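The structure appears below as structure tokens.
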Amino acid sequence: MSRLLLLDGHSLAYRAFYALPVENFSTTTGQSTNAVYGFTSMLINVLRDEAPTHVAVAFDRSRQTFRTQEYAEYKAGRASTPGEFVGQVDLIKQVLDALRITHVEVDGYEADDIIATLTAQARAEGLEVVILSGDRDAFQLVDERTLLLYPVRGVSETWRLTPEKIEEKYLVRPERYSDLAAMVGESSDNLPGVPGVGPKTAAKWLAQFGDLTGIVGAADQLKGKAGQALRDHLDQVLRNRRLNQLVGDVPLPVGVADLQARGWDREEVHRVFDGLEFRVLRERLFATLESAETEAEEGIEVAGSLLGPGELASWLGEHAGPGERLALVVQASPRTAAGAGEATGLGLAGAEHAAYLSLDRADVDDERALRDWLADPACPKVLHDAKGQTASLETVGLPVEGVVSDTALAAYLVRPDQRSYDLADLALRYLHRELRLDEGTDDGGDDGQLALGWDDGEQEQADEVDAAAGRAAMVHARAVHDLSVTLDEELSDEPEQHLLRDVELPLVGVLRRMEQAGIAVDLPMLEALEGEFAAAMAQAQQDAWDALGDDTVNLGSPKQLQVVLFETLGLPKTRRTKTGYTTDADALAGLYAQTEHPFLEALLRHRDKARLRVTAEGLVKSVADDGRIHTTYQQTIAATGRLSSTEPNLQNIPIRTEEGRRIREIFVVGRDASTGTGYESLMSADYSQIEMRIMAHLSGDEGLIEAFRTGEDLHRFVGSRVFGVQPEEVTLEMRSKVKAMSYGLAYGLSAFGLSKQLTISTGEAKQLMEEYFERFGGVRDYLRDVVAEARRSGFTETILGRRRHLPDLLSDNRQRREMAERMALNAPIQGSAADIIKVAMLRTERALREQGLASRMLLQVHDELVLEIAPGEREQVETLLRAEMGGAADLSVPLDVSVGVGRSWHEAAH
DNA sequence: GCGCAGACGTA
DNA sequence: CGTACGTCTGCGCG
């Protein structure tokens with residue numbers, strides 16, 4: 001089916017110009033580009049969504065048209081064209097030329113007339129038509145085969161106006177809309193309406209008399225004031241109608257056949273986009289155009305062999321020479337609390353061939369060949385989720401060396417804020433292939449097997465379960481192999497290759513060993529603690545019920561609490577949430593301060609104890625058979641580059657309150673699972689104020705750097721500068737204000753947010769920030785520049801070159817844009833800290849090994865490492881940690897590490 | 001059984 | 001109207 005896409009160039013450019021803040025869109029030469037950006041963005045979206053076969057863009061040539069000749073006031077009263085808009089239309093035409101999209105303009109006519117003419121031609125030739133225009137005059141063109149996309153709210157959302165939609169929203173069918181508009185008026189065209197006649201009256205008349213001609217003929221019958229008004233303004237209405245009628249037979253230099261989409265000029269697109277400094281948009285454009293060029297998604301084909309007993313060695317000999325990269329996919333039994341499941345089968349795929357080996361069917365020769373190949377660092381392997389996959393092999397005594405890529409990690413480095421790195425998702429995203437097994441028709445599995453090109457002889461021997469499993473494993477391995485090639489190209493920058501090769505990949509093994517080690521738990525103490533919290537919770541619940549005189553309310557239900565607080569007790573309303581009023585701890589504490597109602601005290605206490613109980617209970621459930629808790633570290637979740645910890649999350653164990661800290665007492669020193677040797681203590685080492693140090697380094701601010709070099713208390717130092725007093729004269733209040741602000745700045749804190757947090761006026765907060773920036777101007781400049789640079793490039797970067805793309809920096813939606821700006825402020829700081837501790841972990845593990853130490857790393861909590869210390873190694877490990885953590889990055893300020901030791905995590909804290 | 005919202009723990 | 005996470009509970013959906 002052929003489909004013609006028509007755009008109204010001027011109306012879209014204007015809309016974009018007013019939707020996008022012009023100050024965020026200019027080239028280094030000072031040319032404004034917001035209209036070009038918005039227009040191009042809309043164009044890309046519509047090309048992607050509508051997949052037209054023919055395209056044209058119509059422009060107005062000048063304001064002099066047959067309409068201004070009839071009515072000099074037509075479109076008068078419009079503000080003169082802003083200076084920043086001038087020139088952008090020509091730039092839009094350059095973009096169109098690069099894309100080989102025809103643009104048309106004709107003296108004496110408006111863009112809408114050209115669109116009407118082309119629409120008429122296209123319909124006559126049997127094409128579907130899609131019009132993208134912000135001008136209501138285009139409504140009259142809509143019919144069953146002509147769709148209007150009408151931009152609403154900025155440049156990212158459009159209404160799809162069909163005849164039904166127009167009737168629903170504007171009360172008349174599209175062919176009568178111009179009649180209605182003639183009576184109601186159109187302010188943007190400076191066409192006045194009949195006083196007292198709105199859309200409802202006009203629609204009613206149209207329903208009654210059919211069309212405007214009918215209404216005019218029956219004008220005498222129209223009742224009331226509105227009827228009289230129409231009679232008084234008949235000439236004006238008829239003139240409006242002549243003016244808003246689009247011309248469907250403009251003499252055009254092109255016909256529909258000339259508009260067929262042609263190949264775009266890749267080099268010219270690069271040249272034009274370079275000039276415009278559009279980076280993000282270029283990527284979006286290429287992605288859209290290239291995926292349009294790709295054929296419809298298909299499954300993955302693979303030629304492979306099901307290996308029978310004794311056949312692995314020769315297959316590897318033929319296809320897995322040193323230097324030949326093989327993808328490896330491990331099938332395994334389900335994982336257990338203590339760790340990974342057991343590997344049961346392997347899919348292998350090189351550039352050409354694939355194979356499957358069932359470990360159950362493998363003989364001694366196969367096992368030896370497999371073990372040698374897996375353990376050989378010279379035989380390069382690529383995996384998807386190497387940590388989980390290699391853990392399953394480790395479980396059956398097969399260590400893996402020579403992992404040169406992990407497709408999940410590579411995809412994460414390319415785009416760290418995707419929600420999934422499933423193999424199937426990546427295959428679709430990067431290979432345009434469905435990772436779905438082609439099951440063929442219903443006549444059994446033979447079709448699928450033939451599609452895979454299995455060797456017929458082996459097929460006879462394989463049982464059906466193995467055959468299906470083998471087929472899946474080979475298809476997956478083929479996907480992993482092809483993905484690793486594609487993602488390698490995506491990660492061609494040297495810093496990103498370094499991140500993958502020298503940081504993320506080696507970290508996989510470190511994390512796997514930390515997970516396998518787990519941390520010992522004092523289970524009796526934990527269970528006692530859980531009981532204690534449960535009792536305190538029950539008491540708090542009873543107290544709350546007593547205060548209320550009602551023992552049916554569920555204190556854990558915010559919904560029920562809202563009824564109690566704001567209806568039963570009639571307390572003042574709190575901050576709004578989506579569904580009502582918040583009952584969070586801050587708000588409850590505020591209410592308590594106002595009212596001192598005993599229910600509130602008991603409720604807050606209940607929340608507290610319930611939380612502690614649930615935390616303790618969760619930990620009890622997580623203790624594995626070996627008496628230890630084994631968390632799982634996620635390496636591809638946090639968009640900034642941090643790790644995250646799940647099942648259980650050991651990165652959010654309480655520490656701030658006295659009672660919460662008691663939970664840290666149950667994490668204790670333990671014994672080695674295999675040797676049974678006891679360890680001596682736990683050691684905790686953390687970076688002090690690492691994010692502020694990174695801020696000092698990245699901003700190069702002299703004052704902040706000096707603060708860290710002198711080794712003085714940071715917040716006291718900053719406080720003395722901000723408040724203009726001697727360091728020893730900085731009061732605790734001054735110190736805490738400055739501390740809140742210093743940290744807040746790295747998160748994009750506003751004066752409003754600061755005032756809220758410190759319970760001071762917005763004015764005071766503003767004053768405080770100004771004083772701060774006065775003294776630490778480097779910080780102000782840095783924060784400003786980092787966002788501007790991200791806006792230009794489309795991404796932020798950490799000290800190791802880890803990127804985070806933030807396309808929303810150019811959004812027309814203020815909320816989204818400002819959110820992206822805060823992310824852009826924070827990502828380099830939080831992400832650089834993540835880089836540094838990852839490097840520190842690699843250095844620490846290597847140093848422990850090189851020095852022959854038995855102590856081991858157990859936990860990472862963003863700026864802290866927890867280690868289990870073997871007898872007699874305490875001093876050496878402490879020295880080692882200070883050196884390896886402190887030397888993990890070369891910043892313009894020192895990286896201070898503070899270390900503590902004890903029998904529990906609590907005692908090791910310092 | 002599943003997904004969402006609200007609440008809250010950490011850095 | 002301050003970033004980054006994970007988990008639990010209640011609740012409405014089907």
Side-chain angles (χ1 to χ4, degrees), chain A residues 416-417 419 553-562 574-588 603-604 606-619 621-622 631-657 659-661 663-664 686-692 695 740-758 762 765 769 783 796 804 806 814-815 818-831 833-834 837 859-865 905 909:
Chain A
D417 29 25
R419 62 179 149 67
V553 54
N554 182 346
L555 301 180
S557 164
K559 197 166 168 249
Q560 295 183 34
L561 281 179
Q562 286 177 50
T574 55
R575 176 170 52 81
R576 290 236 36 147
T577 65
K578 278 182 192 169
T579 55
Y581 301 93
T582 183
T583 67
D584 70 17
D586 261 4
L588 294 182
L603 176 59
L604 280 164
H606 175 264
R607 278 262 176 87
D608 217 31
K609 307 294 181 187
R611 178 90 192 165
L612 291 165
R613 187 193 64 81
V614 161
T615 305
E617 189 183 52
L619 291 174
K621 287 184 193 149
S622 307
T631 185
T632 303
Y633 288 104
Q634 304 290 342
Q635 209 176 341
T636 59
I637 295 292
T640 52
R642 276 188 175 181
L643 299 177
S644 78
S645 157
T646 65
E647 292 188 321
N649 181 358
L650 294 185
Q651 290 180 322
N652 72 341
I653 302 302
I655 192 170
R656 288 179 189 173
T657 66
E659 277 198 299
R661 277 196 292 277
I663 294 183
R664 293 195 169 217
D686 65 52
Y687 284 116
S688 60
Q689 295 151 337
I690 187 168
E691 295 200 345
M692 287 310 298
M695 172 94 93
M741 184 163 53
S742 290
Y743 279 101
L745 288 176
Y747 301 148
L749 186 67
S750 65
F752 179 90
L754 184 65
S755 72
K756 196 102 181 183
Q757 192 188 319
L758 296 176
T762 320
M769 288 178 82
L783 294 175
T796 60
R804 178 174 187 184
L806 293 166
R814 196 171 73 126
Q815 198 174 324
E818 290 180 346
M819 177 65 117
E821 285 168 0
R822 293 192 294 272
M823 291 173 176
L825 286 178
N826 178 251
I829 298 171
Q830 189 183 118
I837 196 161
L859 304 179
Q860 188 253 45
V861 192
H862 307 310
D863 66 355
E864 175 188 14
L865 297 178
W905 192 3

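Here the structure is a predicted model, which is why all the values come from computation and not from measurement. In what follows, chains are A, B, ... by sequence order, proteins preceding strands, each numbered from 1.
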* Please confirm whether A:R576 makes a cation-pi placement over A:Y581, using NZ or CZ under 6.0 Å from the six-membered ring centre and within 45° of the ring normal. => yes
* Asked: Taking the side chain as C-beta and beyond, is there a heavy-atom pair between A:L555 and A:L603 under 4.5 Å?
  -> yes
* Across the strands shown, which category fits A:T615 at heavy-atom distances under 4.0 angstrom: base, sugar-phosphate, nothing? -> nothing
* Asked: Taking CG from A:N826 and P from C:dA4, how many angstroms apart are they, rounded to a whole number?
  -> 6 Å
* Touch class at under 4.0 angstrom, heavy-atom based, for A:A639 against every strand present -> sugar-phosphate
* Asked: Is A:R642 near enough to C:dA4 that one of its side-chain N or O atoms lies under 4.0 angstrom from OP1 or OP2?
  -> no
* Asked: Would you say A:S755's side chain and A:A765's backbone share a donor-acceptor pair under 3.5 angstrom?
  -> no
* **For atom OH of A:Y633 and atom P of C:dA4, their distance in whole Å** => 21 Å
* To do: Could you tell me the separation between the CD atom of A:Q757 and the C1' atom of C:dT3, rounded to a whole number of Å?
  => 13 Å
* To do: For A:R607, report the nucleic acid contact type (base, sugar-phosphate, nothing); a contact means any heavy atom under 4.0 Å.
  => sugar-phosphate
* **For atom CD1 of A:I829 and atom C1' of C:dA4, their distance in whole Å** => 13 Å
* Structure fact -> Among the nucleotides C:dG2, C:dC5, C:dT3, whichever has the atom closest to the side chain of A:Y743 is C:dG2
* Spell out protein contact along nucleotides 8-14 of chain C as letters: B when the base is contacted, S when just the sugar-phosphate is, - when no protein heavy atom is under 4.0 Å; keep the 5' to 3' order. => S-SSS--
* **Whole-Å distance separating the CG atom of A:L619 from the C1' atom of C:dT7** => 11 Å
* Asked: So do A:R814 and A:E818 actually touch side chain to side chain, heavy atoms under 4.5 Å?
  -> yes
* To do: With heavy atoms under 4.0 Å as the rule, sort A:M819 into base, sugar-phosphate or nothing.
  => sugar-phosphate
* Asked: Base, sugar-phosphate alone, or nothing: which one does A:A585 contact when heavy atoms must sit under 4.0 Å apart?
  -> sugar-phosphate
* **Side chain proximity check, A:L612 to A:E659, heavy atoms < 4.5 angstrom** => yes
* Structure fact -> So CZ of A:R613 and NE2 of A:H606: to nearest 0.5 Å the spacing works out to 8.5 Å
* A:E647 near the nucleic acid: base, sugar-phosphate alone, or nothing, with a heavy-atom cut-off under 4.0 Å? -> sugar-phosphate
* Asked: With a 4.0 Å cut-off on heavy atoms, is A:I655 in touch with a base, just the backbone sugar-phosphate, or nothing at all?
  -> sugar-phosphate
* Asked: Phosphate oxygens OP1/OP2 of C:dA4: is one of them under 4.0 Å from a side-chain N or O of A:T640?
  -> no
* Asked: Across the strands shown, which category fits A:R575 at heavy-atom distances under 4.0 angstrom: base, sugar-phosphate, nothing?
  -> nothing
* Asked: Between A:R822 (CZ) and C:dA4 (P), how many Å, whole number?
  -> 9 Å
* To do: Walking along DNA chain B from 5' to 3', note the first and the last nucleotide with an atom under 4.0 Å from a heavy atom of chain A, and give both.
  => B:dA5 to B:dA11
* Expressed as a whole number of Å, how far does the P atom of C:dC1 sit from that of B:dA5? -> 16 Å
* Would A:T632 and A:T646 count as having a side-chain donor-acceptor pair, cut-off 3.5 Å? -> no
* Not counting sequence neighbours, which residues clear side chain to side chain contact (heavy atoms under 4.5 Å, CB included) with A:E647? List them please. => none
* To do: Please step through side-chain hydrogen bond (donor to acceptor under 3.5 Å, both in side chains) for the pair A:T631 and A:S645, ending with a clear verdict.
  => CA-CA 6 Å; A:T631 185; A:S645 157; 2.8 Å; yes
* To do: Looking at every strand, decide which applies to A:I637 at a 4.0 Å heavy-atom threshold: base, sugar-phosphate, or nothing.
  => sugar-phosphate
* Please work out if A:I653 contacts a base, only the sugar-phosphate, or nothing of the nucleic acid, heavy-atom cut-off 4.0 Å. => sugar-phosphate
* Is it true that a side-chain atom of A:Y633 and a backbone atom of A:Q860 form a donor plus acceptor pair closer than 3.5 Å? -> yes
